[in-house]
Amino acid sequence: MVHLTMKQISINGIRLGRKMVRVDQAPAPGQAAVPVYETFSRHRINMVCAGLHHCGATSFFSCCLEAKHKDHAAQILGCSADLPGVCMVSIYPHHGNIQVPGLLMQLLGRAGIRFFHLVSSHAVVCVVVETNDQDAVISLLESAFDLPPSHTPYCQEIDEDISRFLQKYPETRAFYVEEKIKTYGIQVRAGLELYQTTFTQAAAADAGEQMFHTARSDKKFHLVSAMPGPEQGYDLFVVTDPGAGTPDMDAGRRDMDPGRKDMESGRTDMDPGRMGMDAGRMAFGRADMDPGGRESVFDRTPFRTVDLISFHGPHFGDRYKIFWTAMDCLTEDHVPVLVAGCTGASISLAVPDGQGRAARNALARGFEAP
Amino acid sequence: MSEQKLILVVDDDPDLVEAVSMKLETKNFRVAKAYDGVEAMDRIKEEKPALVILDVMMPRKNGWDVCEEIKNDAGLKDIAVVLLTAVADSVKTTSYTHHDGKTTLADDYIPKPIDLDELMEIVTDHCS
């Protein structure tokens with residue numbers, strides 16, 4: 001495994017979200033359907049995380065709710081079957097290092113663990129998996145990432161003392177009286193690159209590995225969102241700095257430990273392991289150059305240039321209506337959303353190149369930006 | 001050129017830590033980060049920051065307890081503490097008492113949801 005020769009990636013922690021259910025919506029092209037995020041907002045149901053992919057005429061939406069909303073959600077959606085139970089595992093901070101989601105996908109793929117959503121915020125990468133897989137995912141993360149010695153996976157629990165205290169001084173009080181939803185600022189990054197690919201469950205590890213090896217220290221990612229698409233397989237969208245798809249020929253050498261680099265510096269013929277690593281990197285752009293016959297999932301050419309709107313607000317993760325408000329503002333101003341990812345208290349929206357400013361103006365109707 | 005002051009940002013919301021850190025870096029501060037109270041105390045002892053921006057509700061150890069530890073430690077008590085508090089309306093002074101008897105010796109506070117520009121002013125004042 002290539003990554004074993006490299007320094008472990010340092011992260012600060014693992015967070016857990018337990019007892020959730022998953023809801024997907026994939027209307028057929030041309031079919032009108034009330035978005036489930038609108039339905040949930042009208043019924044005051046908060047989505048813990050959400051993702052929306054638009055590609056051509058097709059769209060796909062997926063979200064997670066706290067399990068306490070399970071029956072209510074099923075009833076308003078008219079579902080006869082139980083909504084599937086899931087949990088969320090998050091790692092932070094990612095520092096925009098694309099190796100973090102890449103490694104996460106590799107780990108899940110190699111272990112045969114199916115994920116239902118992988119989504120990032122400014123600092124966090126979250127993955128939604130079946131409840132039964134949570135412990136296995138934690139073990140994988142603990143073995144593959146460099147965590148502080150004192151770290152233990154953390155699950156937010158309600159502190160009864162503080163809850164009683166906040167009943168008198170509610171931290172979320174502003175929410176109930178604010179005319180506009182408060183944010184810590186709406187950020188627009190223009191001219192970023194959106195990469196899009198589709199791959200099968202069996203190729204998830206390869207996709208992660210290729211993502212891992214295309215990482216460049218000078219190019220960050222700003223949004224990753226991967227979900228099972230309407231067809232079999234995953235749709236993966238990655239928004240990066242411009243030029244992230246251009247191979248950095250020194251990257252592999254920089255990542256290697258010094259001993260290995262010295263050992264190889266005098267060699268003119270590559271050993272098979274190293275050949276495989278470089279070939280994997282080349283396969284980022286050229287499916288026909290993968291010597292292992294594995295599915296190559298990336299194209300080095302960006303899918304398109306995009307502007308990315310991201311914002312973050314108090315208790316966004318605990319409040320309903322945030323995502324719908326954002327989508328409503330943008331729809332009203334005819335700003336199309338290509339990819340949306342929400343987790344924690346953050347929302348990221350990729351819009352076509354040049355429409356970032358229009359998107360921010362549209363969002364200003366529903367959100368207060370200092 | 002003056003020395004860059006080190007600010008420790010402590011909050012259990014990693015995205016907020018990131019947002020505050022980015023803002024501090026644009027103001028030419030060095031930034032350290034912690035995501036819960038226990039980790040905050042470790043970083044404070046190791047790195048002796050000039051100022052700590054400290055959330056109140058956090059896992060493992062809350063902000064009140066962290067603040068108390070800092071201010072009761074002779075080696076740390078000079079570190080300025082700015083609390084990110086949800087109870088601003090009940091705060092009348094910087095050494096304040098809550099309705100249930102919780103006290104803190106924080107040097108300053110800023111109500112949540114925070115205004116980043118206001119926070120920068122507070123930090124700059126305490127570090128100047």
Side-chain angles (χ1 to χ4, degrees), chain A residues 11-15 90-96 120-126 148-159 161-166 168-175 178 181-185 187 310-318 343-348 368-370, chain B residues 9-23 25-26 31-43 45-46 55-65 83-91 96 98-102 110-121:
Chain A
I11 57 170
N12 202 281
I14 300 172
R15 296 278 170 99
S90 311
I91 52 178
Y92 62 92
H94 58 63
H95 297 301
S120 66
S121 67
H122 281 308
V124 178
V125 178
C126 301
S150 68
H151 174 77
T152 50
Y154 165 65
C155 185
Q156 183 100 40
E157 303 286 357
I158 300 296
D159 183 312
D161 288 343
I162 292 177
S163 294
R164 272 197 298 276
F165 178 68
L166 289 177
K168 187 168 181 183
Y169 300 107
E171 189 165 5
T172 52
R173 172 178 43 192
F175 163 49
E178 67 193 9
I181 299 167
K182 291 189 191 304
T183 72
Y184 295 126
Q187 193 171 31
S310 48
F311 56 103
H312 165 233
H315 296 277
F316 272 16
D318 306 322
T343 187
S346 289
I347 296 185
S348 299
E368 188 179 289
Chain B
V9 184
V10 190
D11 198 300
D12 62 342
D13 174 355
D15 288 323
L16 181 61
V17 171
E18 208 62 29
V20 172
S21 300
M22 282 165 57
K23 191 81 176 176
E25 282 163 357
T26 65
V31 180
K33 303 168 189 176
Y35 302 90
D36 64 51
V38 172
E39 191 189 351
M41 281 313 303
D42 291 345
R43 302 302 297 270
K45 287 170 185 167
E46 280 169 21
D55 186 29
V56 171
M57 288 176 64
M58 289 188 298
R60 300 212 284 173
K61 185 178 282 185
N62 68 43
W64 289 305
D65 293 344
L83 278 181
L84 304 181
T85 174
V87 292
D89 290 349
S90 69
V91 179
Y96 61 92
H98 293 301
H99 77 292
D100 62 352
K102 287 186 189 299
I110 185 164
K112 273 189 163 183
I114 60 171
D115 176 329
L116 286 178
D117 290 329
E118 190 184 340
L119 178 61
M120 292 306 117
E121 281 178 25

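What you see below is based on every heavy atom in this structure, not just the backbone, and it leaves out hydrogens, waters and symmetry mates. Letters A, B, ... mirror the listed sequences (proteins, then strands); counts begin at 1.
Interface remark: A/S310 contributes no atoms to any contact with chain B (heavy atom separation under 4.5 Å).
Of the listed residues (A/G13, A/A123, A/S121), the greatest number of heavy-atom pairs within a distance under 4.5 Å of chain B belongs to A/A123. For the set B/D115, B/D13, B/V38, the count of heavy-atom pairs under 4.5 angstrom toward chain A peaks at B/D13.
Between A/H94 and B/E18, the closest side-chain pair of non-hydrogen atoms is not below 4.5 Å. A heavy-atom distance below 4.5 Å is not found between the side chains of A/Y92 and B/K33.
The salt bridge (Lys or Arg N to Asp or Glu O under 4.0 Å) check on B/D65 picks up nothing, with sequence neighbours excluded. Taking the ring pair (Phe, Tyr, Trp, His ring centres under 6.0 Å) definition, one finds that A/H122 meets it with nothing, sequence neighbours left out.
Here A/N12 contributes atom CG and B/D36 contributes atom CG; the two are 8.0 Å apart, rounded to the nearest 0.5 Å. A distance of 8.0 Å separates CG of B/L116 from OH of A/Y184, quoted to the nearest 0.5 Å.
Closest approach of A/T343 to B/D15, counting heavy atoms only: O-OD2, 4.2 Å.
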